[in-house]
Colleague: 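Before I ask anything, let me first share the structure, which is written out below as C-alpha cells.
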Amino acid sequence: MSISRARRARHARGTSSVQVALVLAVALSSAALGAFGDRIVERAREVLDTGDLVAPASPSLLAVAPTEPQSFPREAKALRAALKRPASPAVLAELVGRLGLMGDSSDVRRLEPFLADRSPLVRHAALDAMARVGDDDALERVAAFARGSASDPDVHPAIQALARSSSPLAEETLLALVDGAEQWRRDAALGALSVRGGAKARQVLHRELLSGPVGQSWSAAHNVARLGEAADARLLMRLAAGTGQRSDAALSSLSSLPGDDVDGFLITLASTATGNRKGQLLGALGQVRDPAALDVLDEVFDGPARWHGYAWQALGASQAPGALELLLDRVPDARTSQASELCNALGARSEEEARLTLRSLARGDDAFAAAALGSLASLEDSKVTDLLLSRYDEEGRLPPPESLMHLATRGGDEGWELLEEVLAEGSQSDRGSVVWALQQRGDEDARDRLLALARGGDPMLAPQALGALENMDEDARDALRGLLVERVEGGEVHDWGQSMQTLARLGGEDARRILTTRVEEGTAQERANALGALAQMDDPQAQATLAGVFEETDDPALRSQALSYMLWSPDGIDPDLLDEALADDDPMVVSQVISALPQSGGEDVKERLLAFADADDASVRGAALGALAQTGGLEAEAALVSALDDPDVASQAVWNLQSLGTQGARDALRGAARSDDPTVRSQAIGALGMDPSAEADELLREGLDAADESVVLAAVGAMQSRGNSSAAEALAELLTNVADDDESVVRTQVAWALQAIGGRVAEEHADLIAEVQGGPMGEDGLGLESFELHLGHEGSWISP
C-alpha cells in the first residue's frame, strides 16, 4: 500500500539528522596496545620528530561539536616536566607511555611512583615503560608484578610489558612463567614470548603447539603465527594437513601469514577438501592474493549451494587481481537464500562498481533488495534514504531493519517519517529495532519519542524504551527517573524488580527514599528486590539500610542477602559488623563471611582463616580452606594438605590445592591420586592433566585401569587435556579394551577424547571410534590419504 505526503507530514519533526563528529584518534601508549605496541614505536618516533602531536578527546556517540584538543610534548625533556604537573589518568598514561618510547634508563626513578597509581591505565602504562627503558633492577620490579597473585589486576599487563624488553632477564622470567602450573599465567607468558620473538621463544611455542594440551591449540597456533617466520609457516602447514583440533587451529592461524608458500598450500588444500572443513578453507582464500584462488572459488559456484556463502565471503575480502570481476560475474547466479551473503560481499568491496551494483539490486522488490538496502545503510550511502522513500511510496514496503540506524542518524526528517511508519505498521521485532536506533540518535526528539513509547503501555516496547533511555545522556536519565518515581508513587508499577534495579542505577535521593520504604513496608518479594537495588547504590545511607536489615530482621534469607551485599561491596563491610558476623551462631553466616575475608584485607586475615580451618562445623572448615587457597603461602598449603585427611572436606581440599598451584600442592595432589576414597581420587586425577611430570603420567595410566568408573572417566578427561601422542596411545589402548562392552559409559567418552586429540593415533583407530560413536567417521575429513604438497622450497614435501 502507498501513503500520501499529507499523512506523512503529520509525523514530521523539525530536527535535522544528528551529525557525528569525525576525529582522528592518536594511538595511546603501547601499554594499551598489547602485542601491537612494537609496531608503532618506529612510526611514533618519526611523528614525534615532526612536531607536536595533537590528540583530541574522543567524543561520545552523540557529540556534535569537537572538544578542546590535548597537545603532548615531542621531546623526552618536556615529557619529564609534564609528568610533574597534575593531570587526568588518561593524560598521565599517555605521557608515561610516550616517555617509555623516548626515554632512557635514567627515567626509571620518574616512572616508579606511577606503579602505585590508583588508575589501572596509569599503572599499566608505567609497567610497559619500565620494561622498555629499565635496567635489570627495573625489570625485576616488573617481573615481581608478573608473578603476583591471580587476583591482582596488574599481573597480565606486567607479563605483556616483559615482551617489550630486549633484556635476557625478561626472557628468563617469561620462560619461568611458562614452566609454572597455572594455565592462565602460562597462556599470558606464551603470548608475550610470541610478541618478543627469538630462537628460544620459537622453540617453546613450537613445542607447545605440537605437544601441549589440545584444548590450548588455538592460542598456541595463534602464537606461532605471530612469530611470522618461514619456519613457523612450515609447522602450521604440516599440522593443517592433518585432522583434529591441532589441525583446525593451525589452519585458522595460517591465513594471517602472507607468502607464496602459504597461498599455494591453502589453494591446494581448499581444492581437495570435503566436509565441514571445506568452509573454513574457502573463507581462508579471502586472504590469498594468488589469482589461482579465484579459480577454486569460481568452481564452488558450480557445486553444492552449501558452500556458496563461504565463496561470497572470500570474494568480498579478496585482494587477488580479478576478484571483483568474478564477484560481479557471479551476481546473476546468486540464489534468494544467499541474498545477505552476496550483499555483504559487495558491501565489503571498496570499488565503485560494487556500490553501483548494490544500488541496482536495491531497486527491486525481493530479498536482494532488502539485503542491498541494509548493506547500503551500513555503508551510509548517500542514495539509501531516497531508495527507501521510493520503495515505501510506490510499494508500501517498510524499510528493512538493517537500514533503521541510518534513517535515525542520517535520514533527516524524511528518515524520521519512515521510522514512524515502522512504529505504526511494523512487526514487534522491527519496532524494537526502531527503539535501538532512536537510542543511537540520542537527541531531544529521540528522548521525547522514547518517553512516549515508555508511557504507551505496550508490554514489549515500553520496557525496551525504558532501557534505551537509561543508556542515553543525563537529560534522558533524569526524565526516566522522573517517570519511574511517578509510577511507583502512583502505584502503577507491576515489574517491581526491574523498576527498582533501574532506579538504583539512576541514583538520587528520590530513588533511595522509595527503595528504603519498600524494604520497610513491602512484601517479602518487594523487600528482597529493594534490598538488591539499594546494594547497587553508591550512597552511605543506602549502605546503612543494609546494615540495619542484617542486625534487625528475623528473616534468615533476607539477613544473608544483606550480609552478602555488604561483604562484596566496593567499600567493604564495617569492621565491627564483620566481627559480629564472624561470631554469629549460624554456621552459614560465618561461612559466608569467611569466603569474603580475602577480599577485605587486614593483617590478621590469614590467622583468622587458619583458626577457622579447625572449626567444629564442616561447612565452616570448607569455607576456610577455599579462602586460604586465595591467600596463598606456605601456611595455606600446609592447611590444605592436612585437610586431605579430613573426610568431610577432603574433596574441597583437592579442588583448592589445584588452584593453589605450588610445588607442595602438586605433590599433595599426586598423593591424593592414590586415595582409597574414589571421590577424592577422581578429583585429584582430574587435576593432573596439566601436570607434566612422569609421576603424574604414571598415575593417569593407573587411573585408566581403575575399577571405579568415576576414576577412569577422570583419567580420560585428564589425558584429553594433555593431548599429546603418549596420551593418545594410552586412550587408544583403553578404547580397544572396552570397545565390546556395550554397557560401558567409558568407551563412548574415550572415543570422543581420542577423536578430539586427533593426529596419527586417532586416524589409525578411526574405524573403531566411528563404530563406538554409532556412525561413519571421516565424512567431514579432508580425504588426505594420498595427499602431498610441495611448498616451494627444496626438501619441503609434506605428507600427512
Colleague: Is there a donor in the side chain of Thr662 and an acceptor in the side chain of Glu637, or the other way round, less than 3.5 Å apart?
Modeller: yes
Colleague: I'd like to check the salt bridge (charged side-chain N to carboxylate O under 4.0 Å, His left out) partners of Glu182; sequence neighbours left out, ordered by chain and number.
Modeller: Arg185
Colleague: Output the distance between atom CG (Leu297) and atom CG (Leu285), rounded to the nearest 0.5 Å.
Modeller: 5.0 Å
Colleague: Enumerate the residue pairs fulfilling ring pair (Phe, Tyr, Trp, His ring centres under 6.0 Å) with a member in residues 89-111, sequence neighbours excluded, ordered by first and then second residue.
Modeller: none
Colleague: Partners of Ser318 by side chain to side chain contact (heavy atoms under 4.5 Å, CB included), sequence neighbours excluded?
Modeller: Leu294, Ala320, Ala323, Arg349
Colleague: Within the side chain of Ser252, is there an N or O that forms a donor-acceptor pair under 3.5 Å with the backbone of Ala249?
Modeller: no
Colleague: Determine whether Val262 and Leu236 make a side-chain contact, defined as any pair of heavy atoms from C-beta on separated by less than 4.5 Å.
Modeller: no
Colleague: Find the distance between CG (Leu257) and CD (Gln287) and round it off to the nearest 0.5 Å.
Modeller: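 Here the interatomic distance stands at 11.5 Å.
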Colleague: Kindly write out the residues that satisfy salt bridge (charged side-chain N to carboxylate O under 4.0 Å, His left out) with Asp691, not counting sequence neighbours, or none if the list is empty.
Modeller: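 Partners of Asp691 under the salt bridge (charged side-chain N to carboxylate O under 4.0 Å, His left out) test: Arg670.
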Colleague: List in chain and number order the residues that pass salt bridge (charged side-chain N to carboxylate O under 4.0 Å, His left out) with Arg666, two or more places apart in sequence or in another chain; answer none if no residue qualifies.
Modeller: none
Colleague: Within the distance-only criterion (no hydrogens, no angle test), does the side chain of Ser255 pair as donor or acceptor with the backbone N or O of Leu251 below 3.5 angstrom?
Modeller: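 No: the side chain of Ser255 does not pair with the backbone of Leu251.
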Colleague: Are the side chain of Arg196 and the backbone N or O of Ser166 linked by a donor-acceptor pair below 3.5 Å?
Modeller: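 Present.
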Colleague: Between Tyr310 and Gly279, which heavy-atom pair has the shortest distance, and what is it?
Modeller: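 Scanning both residues completely, I find the closest heavy atoms to be CD2-O, 3.3 Å.
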Colleague: Walk me through whether Val96 and Leu79 qualify under side-chain contact (heavy atoms from CB on, under 4.5 Å).
Modeller: CA-CA 8 Å; Val96 169; Leu79 285 169; over 6 Å; no
Colleague: Does any non-hydrogen side-chain atom of Gln183 lie less than 4.5 Å from one of Gln216?
Modeller: yes
Colleague: Pair Leu205, Asp232 - check side-chain contact (heavy atoms from CB on, under 4.5 Å), show working.
Modeller: CA-CA 10 Å; Leu205 294 175; Asp232 310 308; over 6 Å; no
Colleague: For Arg701, which residues count as a side chain to side chain contact (heavy atoms under 4.5 Å, CB included) partner, sequence neighbours excluded?
Modeller: Asp697, Met719, Ser726, Ala730
Colleague: Of the options Glu208, Arg226, His222, which is the one that meets Ser194 in a side chain to side chain donor-acceptor pair (under 3.5 Å)?
Modeller: Arg226
Colleague: Measuring from atom CG of Leu169 to atom CG of Leu162, what distance do you get when rounded to the nearest 0.5 angstrom?
Modeller: 8.0 Å
Colleague: Applying side chain to side chain contact (heavy atoms under 4.5 Å, CB included), name anything that partners Ser271, two or more places apart in sequence or on another chain.
Modeller: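 Ser271 satisfies side chain to side chain contact (heavy atoms under 4.5 Å, CB included) with Val296 only.
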Colleague: With sequence neighbours left out, what residues match Asp107 under salt bridge (charged side-chain N to carboxylate O under 4.0 Å, His left out)?
Modeller: Arg80, Arg110
Colleague: Please list, chain by chain and in numerical order, all residues satisfying side-chain hydrogen bond (donor to acceptor under 3.5 Å, both in side chains) with Gln720, sequence neighbours excluded.
Modeller: none
Colleague: Begin from the C-alpha positions of Leu657 and Gln683 and carry the test side-chain contact (heavy atoms from CB on, under 4.5 Å) through to its verdict.
Modeller: CA-CA 11 Å; Leu657 280 167; Gln683 287 182 321; over 6 Å; no
Colleague: Verify the distance criterion only: is there a donor paired with an acceptor across the side chains of Ser106 and Asp104 at less than 3.5 Å?
Modeller: yes
Colleague: Enumerate the ring pair (Phe, Tyr, Trp, His ring centres under 6.0 Å) contacts for residues 144-167, please, sequence neighbours excluded, ordered by first and then second residue.
Modeller: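 Ring pair (Phe, Tyr, Trp, His ring centres under 6.0 Å) check on residues 144-167 returns His156-Trp184.
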Colleague: What distance separates Leu660 CG from Asn656 CG, expressed to the nearest 0.5 Å?
Modeller: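 So the gap between those two atoms works out to 8.5 Å.
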Colleague: Atom CG in Asp128, atom CG in Leu99: separation rounded to 0.5 Å?
Modeller: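 One gets 11.5 Å once the value is rounded to the nearest 0.5 Å.
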Colleague: For the residue pair Val178 and Arg186, establish whether any side-chain heavy-atom pair is separated by less than 4.5 Å.
Modeller: yes
Colleague: Give, for atom CE of Met237 and atom CG of Leu239, the distance between the pair rounded to the nearest 0.5 Å.
Modeller: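 Output value for this atom pair is 11.0 Å.
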Colleague: Using atom types as modelled, flag every donor-acceptor pair under 3.5 Å from a side chain in residues 136-144 to any protein atom, sequence neighbours excluded.
Modeller:
from   : atom 1 : to     : atom 2 : distance (Å)
Asp136 : OD1    : Ser167 : OG     : 3.3
Glu140 : OE2    : Arg147 : NH2    : 2.3
Arg141 : NH1    : Glu112 : OE2    : 3.1

Colleague: Could you work out, with side-chain hydrogen bond (donor to acceptor under 3.5 Å, both in side chains) as the rule, every residue matching Asn344, not counting sequence neighbours?
Modeller: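 Asn344 satisfies side-chain hydrogen bond (donor to acceptor under 3.5 Å, both in side chains) with no other residue.
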Colleague: Provide the closest heavy-atom pair for Ser119 versus Asp117 in the form atom of the first, atom of the second, distance.
Modeller: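 Reported closest heavy-atom pair: N-OD1, 2.8 Å.
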Colleague: Please check this pair: side chain of Thr272 against backbone of Leu269, looking for a donor-acceptor N/O pair closer than 3.5 Å.
Modeller: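 Yes.
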